[in-house]
**Q** 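Below is the structure I would like to discuss, written out as C-alpha cells.
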Amino acid sequence: MKVVSVVGARPQLVKLAPIAAAFAGTGYEHVIVHTGQHYDVNLSDVFFSGLGIPDPDVHLGIGSGSHGVQTGGVLAAIDPVLAEQQPDWVLVYGDTNSTLAGALSAVKQHLKVAHLEAGLRSFNRRMPEEHNRVLTDHAADLLLAPTEEALRHLANEGLAGRAVLSGDVMVDVCLRVRDAVLAGEHPRPTLPEGIDPEQPYLLATLHRPDNTDDPARLASIIAAMADLPVPVALLAHPRLKARAEAHGLKLDQGAVHTGQPLGYAGLVAAVLGSAGVVTDSGGLQKEAYLLGRACTTLRPETEWVETLAGDWNRLVPDPDALGRPAWIETATRPAPQSEQGTPYGDGRAAERVVRILAERLG
Ligand code: UD1
C-alpha cells in the first residue's frame, strides 16, 4: 500500500507525527507532501525536528495568499505530484485550504481520498475551515471520524456509509509528549518576557480571522486579556502580529506579554505549567482538556463539544458582553475536579488509521 499525506499548516504537522510513526513500523510506503501553506520556522520546521517527522518528500512552496490564491495554488501544484505518485490513498488532514485542495486534486484524478478528522462541524458558515471540512467530507471516499459526535454529523449528511470511528490522533501525540515532558526529556520552553514560570500565568493564543481581522474586535479582546489579574502569556501567531500591526494596536498591554509560538513539546510544557488556557484554537482547546487545564474559548461555538462537559471548556463569544467581573471569574477559574472520560480515544488512533486504510483497500 502506498499513501500520500498532504499537509501544510501547523495543526496538520502535529497530526502527521503519529501517522508517520505508525507507518514507520509497517512495510507500507508513506509519502509526505508539504504544501508550504505555513512556512515560518516556528509554524513548520520546528514540528518536523521536534516531533521526529521525516522530511517532506515533496514541498510545494505555496505560502500565503487569499483563499482562492492559496487553495488554487496548491491545487495546480499538487496535480502533477499525485499523477506521478499514483498512491492507493491520498490522506488529507483537518480543515485547511491545503486539505481542500489536496482532496479536490485527488478525486479529479480518481485517486481514493481519506479524510482524517472528518465530521467536525461548527455550523458557522463564516469560518473558512467550515467550508473546507464540509466540501472535503463530501468529496472523500473514507471518512475517519475522531469522535461519536463527528460520526453523527456525517450520518446526518448522508455520509454514514463512508464513515468510520478512528479516534483522534492528536491524543496519541499529546499524551506521548506529555509523558516525555513530565520525565524531564525536553528543555523548558521560552515563555514571553515578563512571565515567571514559577508563578501562576494563563496561556493564550489568538489567530482566527473573526477575532483578528476587525480592529475593534481585536482591540476589545486584547483589552479584556490586559485586565486579567494574572499574567497572560500570549503566543502570537504571525496572523495576529500582522493584523495588530496593521490596526496600529499594541498587544503588550496590562497583563498581556507576547512571545513567539512554541514547538509542540514547548507548548505542552507551557500548558502544564499554566493555571489555565484562553484561546480560539481548536487544537489548544483539546490539549488543555487532555492536560487537565480549564480552557476559555473566545468563540461562539466549538467543534470539540466534548470539552464543554464538566466546565472544562467555556465559550465566550465576546468578553465585553460578559462584563469584567464575570470575564475575570471565567478566565481565571481553576481546573474542574470532574471526571473526563475518553471521548477522543485511547491514544492509539494512528495505528488504527493505518489498519483501516489497508483493510479498505482489500
Ligand atoms: C490556518 C488554517 C486554520 C488553522 C491555522 C493554524 C485555513 C483556512 N486556515 O490559518 O484552520 O487553524 O492555519 O495555524 O487553512 N503567516 C505567516 N507565516 C506562516 C503562515 C502564515 O506569516 O508561516 C501569516 C500570513 O500573513 C498569512 C496569515 O498568517 O496571510 C494567515 O495564514 P493562513 O495559512 O492563511 O491561515 P492561518 O490563519 O494560519
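Just so you know, these numbers come straight off a predicted model, no measurement behind them. The basis for the numbers below is simple: all heavy atoms, side chains too, and nothing from hydrogens, waters or symmetry mates.
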**Q** Under 3.5 Å, side chain of R293 to main-chain N/O of L272, donor-acceptor pair present?
**A**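 Pair found, side chain donor or acceptor close to backbone of L272.
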
**Q** May I ask whether W304 and V171 are part of the same hydrophobic cluster, defined by side-chain heavy atoms of I, L, V, M, F, W, Y residues being less than 4.5 angstrom apart, directly or through others?
**A**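 Both belong to a single hydrophobic cluster.
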
**Q** Do the side chains of L104 and L135 get nearer than 4.5 Å, heavy atoms only?
**A**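 Not in contact.
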
**Q** Could you check E306 against Y344 for side-chain hydrogen bond (donor to acceptor under 3.5 Å, both in side chains), going step by step and ending with a plain yes or no?
**A** CA-CA 8 Å; E306 300 80 6; Y344 300 112; 2.7 Å; yes

**Q** Got a sec: does the CD of E185 have more than 12 other heavy atoms crowding it under 6.0 Å?
**A**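 Enclosed.
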
**Q** Is L240 close to L234 at the side-chain level, that is, under 4.5 Å between some pair of heavy atoms?
**A**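 Side-chain contact under 4.5 Å: yes.
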
**Q** Of all heavy-atom pairs between V113 and A103, which one has the smallest distance, and what is that distance?
**A**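 Closest approach of V113 to A103, heavy atoms only: CG2-O, 3.9 Å.
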
**Q** To the nearest 0.5 Å, what is the distance between CG (L43) and CD (Q37)?
**A**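 Output value for this atom pair is 10.0 Å.
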
**Q** Should V3 and P87 count as side-chain neighbours, where that means a heavy-atom distance under 4.5 Å?
**A**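 No - every pair of side-chain heavy atoms lies 4.5 Å or more apart.
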
**Q** Do T330 side-chain atoms and A326 backbone N/O form a donor-acceptor pair below 3.5 Å?
**A**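 Present.
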
**Q** Between D57 and V4, does a side-chain contact (heavy atoms from CB on, under 4.5 Å) hold up when you go through it step by step?
**A** CA-CA 10 Å; D57 299 278; V4 169; over 6 Å; no

**Q** State the OG1-CG distance between T297 and L315, to the nearest 0.5 angstrom.
**A**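 One gets 6.0 Å once the value is rounded to the nearest 0.5 Å.
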
**Q** Taking all heavy atoms of I356 and all of S166, pick out the closest pair and write down the distance.
**A**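 Here I356 and S166 meet closest at CD1-CB, 4.3 Å.
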
**Q** For A335 and W312, which heavy atoms make the closest approach, and how far apart are they?
**A**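 Scanning both residues completely, I find the closest heavy atoms to be CB-CZ3, 4.1 Å.
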
**Q** When you group the ILVMFWY residues by side-chain heavy-atom contacts below 4.5 Å and let the links chain together, are V169 and L291 in the same group?
**A**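 Same cluster.
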
**Q** Using a cut-off of 6.0 Å, state whether more than 12 heavy atoms not belonging to K2 lie near its atom NZ.
**A**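 Yes - once you tally the heavy atoms of other residues, nucleotides and ligands closer than 6.0 Å, there are more than 12.
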
**Q** If you group Ile, Leu, Val, Met, Phe, Trp and Tyr by side-chain heavy-atom gaps below 4.5 Å, do F23 and V173 land in one group?
**A**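 Shared cluster, yes.
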
**Q** Does the distance from a Lys or Arg side-chain N to an Asp or Glu carboxylate O, for D40 and R10, drop under 4.0 Å?
**A**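 Not counted as a salt bridge, because no side-chain N and carboxylate O are separated by less than 4.0 Å.
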
**Q** Quick one, V164 with L143, criterion side-chain contact (heavy atoms from CB on, under 4.5 Å). Give me CA distance, side-chain angles, the key distance, then yes/no.
**A** CA-CA 6 Å; V164 55; L143 303 171; over 6 Å; no

**Q** Return yes when atom CD of E84 has more than 12 non-hydrogen atoms of other residues, nucleotides or ligands closer than 6.0 Å, and no otherwise.
**A**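 Incorrect, the count does not exceed 12.
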
**Q** Is the shortest side-chain heavy-atom distance between M1 and D88 below 4.5 Å?
**A**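 The answer is yes, as the side chains (C-beta and beyond) meet within the 4.5 Å cut-off.
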
**Q** Looking at D172 and A349, would you say the former's side chain and the latter's main chain have a donor-acceptor pair under 3.5 Å?
**A**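 Side chain of D172 to backbone of A349, a donor-acceptor pair under 3.5 Å: yes, one is there.
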
**Q** For R355, which residues count as a salt bridge (Lys or Arg N to Asp or Glu O under 4.0 Å) partner, sequence neighbours excluded?
**A**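 Result, salt bridge (Lys or Arg N to Asp or Glu O under 4.0 Å) vs R355: none returned.
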
**Q** State whether the number of non-hydrogen atoms from other residues, nucleotides or ligands found under 6.0 Å of R188 atom CZ is greater than 12.
**A**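 Not buried by this count: 12 neighbours or fewer within 6.0 Å.
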
**Q** With rounding to the nearest 0.5 angstrom, report the CG to OH distance, L284 to Y289.
**A**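 These two atoms lie 15.0 Å from each other.
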
**Q** Using modelled atom types and a 3.5 Å cut-off, is there a donor and acceptor pairing between side-chain atoms of W89 and backbone atoms of L357?
**A**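 Yes.
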
**Q** Which pair of heavy atoms, one from L120 and one from P146, lies closest together, and at what distance?
**A**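 Shortest heavy-atom separation between L120 and P146 comes out as CD2-CG, 4.2 Å.
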
**Q** Does CD belonging to E301 count more than 12 external heavy atoms closer than 6.0 Å?
**A**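 Atom CD in E301 is packed in, count exceeds 12.
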
**Q** Testing the basics here: between P231 and H257, what is the closest heavy-atom pair and its distance to 0.1 Å?
**A**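 Reported closest heavy-atom pair: CB-CD2, 4.3 Å.
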
**Q** Quick one: do L13 and V354 end up in the same hydrophobic cluster if we chain Ile, Leu, Val, Met, Phe, Trp and Tyr together by side-chain heavy atoms under 4.5 Å apart?
**A**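 Yes, one cluster joins them.
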
**Q** Taking E287 for its side chain and C174 for its backbone only, find out whether a donor-acceptor pair lies under 3.5 Å.
**A**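 Side chain of E287 to backbone of C174, a donor-acceptor pair under 3.5 Å: no, none is there.
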
**Q** State plainly whether the residues D137 and R121 are in salt-bridge range, i.e. N to O under 4.0 Å.
**A**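 Counted as a salt bridge, because a side-chain N and a carboxylate O are separated by less than 4.0 Å.
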
**Q** Test of understanding: clusters of I, L, V, M, F, W, Y form through side-chain heavy atoms closer than 4.5 Å, transitively. Do L290 and L202 belong to the same one?
**A**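 Looking at the clustering, L202 is in a separate group from L290.
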
**Q** Kindly give the heavy-atom pair with the smallest separation between L228 and V232, and that separation in Å.
**A**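 Where L228 meets V232 most closely, the heavy atoms are CD1-CG2, 3.8 Å.
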
**Q** So, does H59 use its side chain to make a donor-acceptor pair with the main chain of T35 at under 3.5 Å?
**A**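 Answer holds: no.
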
**Q** Taking the side chain as everything from C-beta on, heavy atoms only, tell me whether R217 gets closer than 4.5 Å to N211.
**A**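 Yes, their side chains come closer than 4.5 Å.
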
**Q** If the test is salt bridge (charged side-chain N to carboxylate O under 4.0 Å, His left out), which one of R299, R126, R239, R125 qualifies with D210?
**A**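 Among the candidates, only R126 passes.
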
**Q** How long is the gap from NE2 on H115 to OG1 on T136, to the nearest 0.5 Å?
**A**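 Result: 5.0 Å between the selected atoms.
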
**Q** Taking D95's backbone N and O only, do any of them form a donor-acceptor pair with N132's side chain (distance below 3.5 Å, no angle check)?
**A**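 Checking the backbone N and O of D95 against the side chain of N132, a donor-acceptor pair under 3.5 Å is found.
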
**Q** May I ask you to decide if A106's main-chain N or O and Q109's side chain share a donor-acceptor pair within less than 3.5 Å?
**A**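 Judged by distance alone, no pair lies under 3.5 Å.
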
**Q** Decide yes or no for P192 and L235: does some side-chain heavy atom of the first lie under 4.5 Å from some side-chain heavy atom of the second?
**A**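 Heavy-atom side-chain distance check passes, below 4.5 Å.
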
**Q** Indicate yes or no: at least one non-hydrogen side-chain atom of R333 is less than 4.5 angstrom from one of T296.
**A**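 Yes, their side chains come closer than 4.5 Å.
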
**Q** Check whether the side chains of T99 and Q12 place a donor and an acceptor atom closer than 3.5 Å, and report yes or no.
**A**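 There is such a pair between these side chains.
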
**Q** Return the orientation label for the H207 and H237 ring planes: parallel under 30°, perpendicular over 60°, tilted otherwise.
**A**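 Parallel, since the angle between the ring planes stays under 30°.
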
**Q** Starting from the C-alpha separation in whole Å, work towards a yes-or-no answer on side-chain contact (heavy atoms from CB on, under 4.5 Å) for I19 and H30.
**A** CA-CA 9 Å; I19 293 285; H30 183 220; 4.2 Å; yes

**Q** Is it the case that the side chain of W327 and the backbone of A224 share a donor-acceptor pair, with hydrogens and angles ignored and the cut-off at 3.5 Å?
**A**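 Here the side-chain-to-backbone pair exists.
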
**Q** Just checking, any donor-acceptor pair under 3.5 angstrom between side chains of S122 and E129?
**A**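 Judged by distance alone, the side chains do not pair up.
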
**Q** Measure from the ring center of F123 to the ring center of H153 and say whether it is less than 6.0 Å.
**A**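 Judged by ring-centre distance (under 6.0 Å), F123 and H153 do meet the cut-off.
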
**Q** Is the closest basic N to carboxylate O distance between D311 and R314 below 4.0 Å?
**A**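 Salt bridge present between D311 and R314.
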
**Q** Are the side chains of L191 and Y201 in contact, using a 4.5 Å heavy-atom criterion?
**A**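 Y201 reaches L191 side chain to side chain.
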
**Q** Which value, rounded to the nearest 0.5 Å, describes the distance between T279 atom OG1 and K286 atom NZ?
**A**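 Here the rounded value is 12.5 Å.
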
**Q** Test side-chain contact (heavy atoms from CB on, under 4.5 Å) on V177 and L267; report intermediate values, then the result.
**A** CA-CA 10 Å; V177 172; L267 180 88; over 6 Å; no

**Q** List for me each residue that meets salt bridge (Lys or Arg N to Asp or Glu O under 4.0 Å) alongside E117, sequence neighbours excluded, and say none if there are none.
**A**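 K15.
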
**Q** Would you check if the side chain of T212 reaches a backbone N or O of R208 as a donor-acceptor pair within less than 3.5 Å?
**A**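 Answer holds: yes.
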
**Q** First locate atom CG of D168, then atom OG1 of T342, and finally report the distance between them rounded to the nearest 0.5 Å.
**A**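 Nearest 0.5 Å value for the CG-OG1 distance: 12.0 Å.
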
**Q** Using the side chain to side chain donor-acceptor pair (under 3.5 Å) rule, pick out the option among S98, S5, S44 that qualifies with H34.
**A**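 With H34 as partner, side chain to side chain donor-acceptor pair (under 3.5 Å) holds for just one option, S44.
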
